[in-house]
Structures are given as structure tokens and as C-alpha cells.
Amino acid sequence: MFRQVARWLASSVILLFLITALTFVLASMAPGDAAKAILSSQSGSYTAQQYQQTRRALGIDQPLPVQYWHWLDGVLHGSLGTDLFSSQPVTQELNARLGPSLSIILATVIVSGVVGVSLGIVSALRGGALGRLVDVVSLAGLALPNFWLALVLVELLAVKVQVFPATGYVPLGAGPGPWLRSIALPVLTLSAGAVAFVAKQTRDSVSEVMSREFVVMLRARGLSRRSVVLKHALRNAAIPVVTVVGLLLVSLLGGTVLIEDVFSIPGLGQQAVTAAGSHDLPVIEGVAFYFTVIVVLANLLVDLSYRLLNPRVRGS
Amino acid sequence: MRSLHRVAALCSQGRCVIARRPGVLNPAAAVAAATSLALAACGGQATGSAPAAGSGKPGGVLTVGFSVQAPATLDPAKAPQNYAWFEELAYEPLIVQRSDGSLAPGLATSWSYTGTGNKIFVLHLRPGVKFPDGSPLTAQDVTADLRYVTTAAGQMSAFFAGDTFAATGPLTVTITTAKPNPDFPQILTQDDVIGDVISEKGLSSPSLLGTRTFGAGPYMLDPSQTVAGSQYTYMPNPNYYNKPAARWKKVIIKVITDPQSMLNALKTGQVDVANGDPTTIAAARQAGLTVTSTPDLWVGVTLADRGGGMAKPLANVQVRQALNYATSRAAISSALFPGTGTPTSQLIVPGGYGYEAALTNAYPYDIGKARQLLAAAGYPRGFPLRIVTGEYGGMNLVAQALAQQWQKVGVSLQVTDYANSNQYFAAAFGAKFPSFMTVFGQIPTWVEGPSLFLPPASFNPFRTSSAALAALYQQEALSSGEQQARLDQQIEAYLVGQAWFVPVATIGLPYYATKAVTGTTTSARAPLLELDEVRPAG
């Protein structure tokens, strides 16, 4: 057990290092830099001397490996650096935006998981037309651009019938009701395609398991269909579904960017786009760090789920 | 400087998609919707200033929608003018710009030039003013603040280069300029931001100016209710000298960059007033919102390489004039700015500094004349011309339209389009292209010079100079009143005659407001909506 944990930790650290280093290199290759962005926004034109002074003040005149080392050194001391534009600690800025993003992502995963699995099971067991309907709906859900869907839902559920707010985010601390209402439309938007995805995977998995011999034998022993499905078949069908849900969580990290823009939600995605456009390297690195940690934790949860669901994995 | 920086509020039309057909709704989404509806029953108030929260009633919450990327800094010495709203709530300016274009006392109760040549400007400060920390406003505060502006390397810092600031009395400030400056009253207002006075406490900790406010204005930024980049909350300043003018118990500025989202926020009462977008004006009117728009920007081309170092043809005035004649301004204006754009050959809007009605149609659309001029200049078959554009104010769409129109005279416009404004600025101002698309505002001519057409101007990256223009500018700097107005017109006439630019249309920055508020008027000389004039309706 200890060896497994150590292996997991080591691989996570290596992954963090690789992702942040790659992000550093890629961000540096984009044309322009933060000094130009700052000087352009402040005064439009600037002299070469001002440009070099600004680069020195920001620390971006150093060679890339030196800059990365300084950043890494900061991380080892608990700091993700300072926003080049606002001079605020990156950690402070990103923590303020973590809540909105995680709220939407986790709520989407939960809604997609519950609804998707339910639909998938029903269509797998009923089969026939319902099964085909799930296929069609899956395709439609995946094909619908979520930007368009967001606008439609806002028009229907926020503007015409003012059930939900059209924009903004209310933190959980302000009350669970307002919080849920503020994330309802973004979650609905993101869930549309995700539910379809999960439902299809669930239907396929359950159908495959239900056709196995052990299920036939269980039914032959007189167990009810409900009991066979809930106590035996689902457990066996769950692993691919759990994998898909894990992938969904990871894909939502990038998928929330557009939704945060449409609903004006101060999340990590919005921050990432702003930072990328301004060459704000510490913030870009910070977002990459946060996203990588989330991906690592998501993978850990998926692995732990495998162990819970499959005794053979537990023992290996 | 109401420059293109300010008008980054406008989005390109291509960004705005409005779905009118419900389309196919995913049943799963419908199921989830039903679930959420049940959850909604537990919920409370929507975010933003819903009407029930007091919007529109005295002492309520004013929520302002801001459609541009959030400011990188709240330091008034560094913040570009398009972030004036963030500053004017907390910082009282020396002189107040009213929405009708007139000037009113702010922290200065009176001001004047002394002597001749517009070189000595005296301000008499208001007694009894205190900053939020309780410290009184003194002449030393103002001089320290103006010195800080000079060294802050902000947009307007250059206007104070070489100036000296002296506290010539407890409440008297004397500014002595190295060069004549006829427009001190205009540039010391909230619209140019640098007139906002920072307290001694703020100046002693300049690193805090980026995220906190230290002004003597009607409100103060509340960091605990502020999310940088998204929402800025201002609470009343208990020490404000004119408390009745602080009408709201709270003012919130929400950054909503998507034009349709902004419109939805207004329709649902989450936002009371906002800067709008030309693509949503019709929808805003249909929704019953108050739409205010005063033409205050021109969109067109800056033919920057007038020396011909990069694009030799541009060195010839006949070529530049030909490009003006080859532009069908009416077609572009009606297609891209329906209802808000006015075709123009000049840089000034009616009522603006140096406006002359006769110049509006100085270059009527005339392909024959354009070809004639090109042939006379030695380019009968035209020439290729590189141009860079950003994506706000519709400039990229205008560039596409011009590419088609100029093709008729053989000018092949090679457009480089940067969605990222910073990249566009760097390319345009960095003399990387011989021409660039431009959206520029209305400012006093004396201020316009170092911004637009004099050698050190951002919009003059190739540092083109003209002795005639410089002479006119020098005379303008020494003038006042009617003489100044005449010189303004002569400068603008010179720019049009020499065709340094190809203005296409004047457009206005629209503002939208719900019926719950009023006081949202603007004018040619005060095109920015003044938040201190917004008040509950009724």
C-alpha cells in the first residue's frame, strides 16, 4: 500500500513538473510579452529603454530556465508568484476563482452522472425504441454547440421566465439556494452533452453485462431482475462509466471557459484566457498547476473507484 | 485621451449570436431543468441588482455593467481612460466634466491661466475636503499627486513632461508648464483620469494603488466585496464633502464582456446601466431599455508610413487622397453601423473640437478620381498595402470592406487581424505595418496632437512631421476662445487635406439603461457617461 501511494505521489509530481515546464515553454513562444502588454495598455507607445526597464522589473529579461527555476523555487516555498499586472499573489487570485469553476464542474459531473446513468440503465433494460432514442439524443447532445444552448436557456429561463439569473455567480456562503440558482443554467448547458455521453456509455456497458452468462445464471436461480441489475450487473458495468465520468471532469476544465464568458462567471477558465492574452506567465503557470492538481486528484478518485468496484483490482 | 484604448468596449459584430429559434432541446436537459426548477424553489434572490434590491429607489444599489476586459490596475495615474468609471467613483477630480460638456468645480473651486502664453495655470482648492482616512486635502497633496502622475508612465503622463507643480498657498496650486498648454481644464477632469487626486496615504504605498482606492470621491472600493477582474464594489465614503451626491448605498461594477450576456443582464434587472455594443442597439431598444449614444469616435485607416520607408506609395499625398476617394463611406456605414454610423471624411464629429461641416464630404466616393490620382502618382495599376487591425469598434469588418473597395483601383489590402488587442497595439504602434485600422475618440486638439498626429504620438509610429502642422499646433497652444476654435479647424483641415488618414464613419458608444434609472445623457464633448449623474428615476 505504502509503495502504491509513493508511486502515485512520485508520478503526480513528475506530471506537475512536466506540465508546468511545457506550459512555460509554450507560453513563452507566443508573440509579445507582458512588458509590451503593460506598456501598450498604459501609454500606447514606449521607448526601447522603457521596455527593457519594464522587462527587468518583471523579471522576464532572464533566460527561460532561470525564470522557470525561480517560479519552481517559489512553488516549493508555497508561492505561485505574483500577477505581473495586478501585483497580487497568484494563489490569492486563483483561489478566489476556484470556487466558481469547481462548483460548475462538480455540479455538472454529478448531474450528468446521475441523469446519464439513469437514462442509460433504463434504455439498456428496456431496449428497442428507447435505446435508439438514447443514441439519437446522445448525438444531438454532443452536436449542439453549448454556446448556442446557453443563449437559448438564458432566453427561456432567465429573460422570458425569470427563474434563474442571466449572469453572475453567488458563492455558497451567501446561501445554498442562491448559489444553486446561480450555477443552474451553466450546469444545464454543460450537462446537455455530458448526460448524453454518460447515458450512451452506460447503456452500452449495462447491455454488455446483461448479456453475460453469469447474469443468465443469476436469473435462472430466481433472483428478480431488479436485484440482478442493482446488486450485480451495475457493479460490473460501472468501471467504464466511472472512466467516462473521470474523463468528463477533466474535459470540463477547458470546457467551462466559454460558459464562464457567457454567464460572466469569475472562474479559472476566464482567468486563464485573460492571462494568456496578456502573457501573464505566473498566472498561466498557476492555472496550469491548479488544473494539473485537479486532473491528478480526479484520476486518483477514478482509481480508488476501480478498487471499490472490482475486488481483483484491489488485490493487484 | 479618448483613444482607441477607451473604445475597446466595442466588440466586433461577429461575436454576437442571438438564437431566435428554440431549436431542439435535449430531453436530458429538460429533465435536468425540471430538477433545477424544483431546486430553485429553495433559492433566494438572483445575483446583481434585481429590482427588489432597491435599484431605482433612493439609497438603493446601482449595478453598472462594463463590457471591456477588467482594468489591470486601479491606479488613476496608470489606468487608461476607458477605465474612468472605476476611478471616478472613488476619486474626486480637480475639475468635473458634466454630461453636457461644461466644466464644474470638483476639488478645485476655481481655476485660471495667469500671464500670457498658457504656461501658468492656477487652481484654488475646496476647503474642508477630507480623504476617507480623515486627512484633509491640501495643496501639497495635489502637487505630490501631479508629480506622481508625471513619473507613473501612464497614458497621460507625457502631457506633464517638464511641468512643475507648486503649492503657492495652503489651498492654491500653481502649475508651470515648459510648453504652452491651453487645455488644462479639460485634462484635469475625471474623464482623463489623471485629474483624480490620490491621498498622501495612497502615494506613500503606490503598490496598493493597483487594488485599492485612496481618493476623496463619493465612494470607496470595498476589497471584501470585490473580485478582481469580475466585480468591483464601492461603498459610500463617510468623509465625502458632498454627501447628497452619493445617491446609492452601494455601487457595483460588473465586468460582462459578452454583449448578449450584458443585454440579458440589463433585461433581467441584474444591471441598471452599462456600456453597450452597436450590434445590440436594436435589441436593446426592443427590450425597452434607454439607449444613449453620441457620436464620439471615428473608425478608419491611419496611413502611418507617410515617409514611404515601408510602403513607398504612401509618401505621395495623391495616393493617400486616392484611397480616400476610393472609399464608399456610405455603403460601409449603412452596412456595418446601421442607425449609429455617419459617413465622414474628417476626424471630428459635429460639436467636437475643430469640426467643420464642409469637411464631412471632403472626399466623395469617386473611383474615377481615385484612379486618376493614382495614375498621376505613378501607380496606375495600384499597389499592395499591408494593414493590421484589431477586433473592436468593428474595425476588422471595415478593413474587409475596404479591401474589397480598394481592389477596384488596384490597391490590394493585405489584412492582418489580431483578436488580442495587445498584439494589435504592439503591431500598430510599433511601426510593424505601414497602415493600421483605427478607432479614435474626440479630444481637445491640443491633447490630440501628441496622441494622434505629432511625431511622438502613438498613432504616428513612423514619426511623420510637418512644419506647417507644427506651426499651427504651436499657435493653437497659445490661443484660447474663438481663436483656438479657428486654429482647431485649420489643423483638422490640414489633416484632411494631406490625407494622413482615411476616416470612414463616426460612431457612437452606446449606453443602455433600465427604466429604473435616469441621468444617462452624453454629448459630443462629454461622450463618456458620467456615473455621478446617474440617479433613480422618478
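Within every chain, numbering begins at 1; the chains are lettered A, B, ... in the order of the sequence lines, protein sequences first and strands thereafter. No hydrogens, no waters, no symmetry mates; every other heavy atom, side chains included, goes into these values.
Exactly one of B:Thr280, B:Asp277, B:Asn275 qualifies for a side-chain hydrogen bond (donor to acceptor under 3.5 Å, both in side chains) with B:Tyr512. That residue is B:Thr280.
Only the side chain of A:Gln88 comes within less than 4.5 Å of a heavy atom of chain B; its backbone N, CA, C and O stay farther away. Proximity to chain B involves both the backbone and the side chain of A:Ser278, based on heavy atoms less than 4.5 angstrom apart. Heavy atoms of A:Val154 lying under 4.5 Å from chain B belong exclusively to its side chain. Neither the backbone nor the side chain of A:Ser87 comes within contact range of chain B, judged by heavy atoms closer than 4.5 Å. In this structure, the portion of A:Gln162 lying under 4.5 Å from any heavy atom of chain B is its side chain and not its backbone.
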Please walk me through it: do A:Ser103 and A:Tyr169 pass side chain to side chain donor-acceptor pair (under 3.5 Å)? CA-CA 10 Å; A:Ser103 295; A:Tyr169 172 79; 3.1 Å; yes
Would B:Gln270 and A:Thr167 count as a side chain to side chain donor-acceptor pair (under 3.5 Å) if you check the C-alpha gap in whole Å, the side-chain angles of each, and the deciding distance to 0.1 Å? CA-CA 8 Å; B:Gln270 285 188 297; A:Thr167 63; 2.9 Å; yes
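Rounding to the nearest 0.5 Å gives a distance of 11.5 Å between OG of A:Ser79 and CD of A:Gln92.
Between B:Tyr424 and B:Phe436, the ring planes lie perpendicular to each other; the angle is over 60°, past the 30° to 60° tilted range.
Ranked by heavy-atom pairs shorter than 4.5 Å toward chain A, the options B:Leu74, B:Ile256, B:Val255 are led by B:Ile256.
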